[in-house]
S.K.: 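Quick one: the structure is below, questions incoming.
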Amino acid sequence: MVIWGGTSPNCGSGGSVCSDGAAYDPATNTWAPLRTAGAPSARTGHVGLWTGNALFIWGGMGGGGADAPLSDGAL
């Protein structure tokens with residue numbers, strides 16, 4: 001499983017939209033952080049697609065919530 005973004009009281013100052021992610025390895029029951037260099041901006045409510053080699057992230061909402069819809073993404 002691969003995750004990116006979302007919301008948490010631990011993101012930003014005082015809790016907000018997250019700009020990080022992690023990959024889960026069920027064989028070792030561990031999480032590994034994803035690289036943030038060249039990664040998508042902080043977002044929630046986005047769409048993600050795993051190709052087997054890469055995670056594509058598109059759209060969602062930025063730190064401003066409903067007032068900040070995003071029409072971009074990253075690989």
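Numbers here are sequence positions counted from 1.
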S.K.: Kindly list each side-chain donor-acceptor pair under 3.5 angstrom involving residues 29-42, sequence neighbours excluded, with atom names and distances?
M.R.:
residue : atom : partner : partner atom : Å
Asn29   : OD1  : Tyr24   : OH           : 2.6
Thr30   : OG1  : Thr28   : OG1          : 2.6
Ser41   : OG   : Arg43   : NH2          : 2.8

S.K.: Indicate the atoms forming the closest heavy-atom contact of Trp4 with Leu55, along with that distance.
M.R.: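 Where Trp4 meets Leu55 most closely, the heavy atoms are CB-CD2, 4.3 Å.
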
S.K.: Can you tell me which residue pairs pass the side chain to side chain donor-acceptor pair (under 3.5 Å) test with a partner in residues 45-56, sequence neighbours excluded?
M.R.: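 Counting only pairs at least two positions apart or across chains, no side chain to side chain donor-acceptor pair (under 3.5 Å) contact touches residues 45-56.
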
S.K.: Which pairs pass salt bridge (charged side-chain N to carboxylate O under 4.0 Å, His left out) with one or both residues in residues 19-28, sequence neighbours excluded?
M.R.: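 For residues 19-28: none.
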
S.K.: So how far is it from Ile3 CD1 to Cys18 SG, rounded to the nearest 0.5 Å?
M.R.: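 Between atom CD1 of Ile3 and atom SG of Cys18 there are 9.0 Å.
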
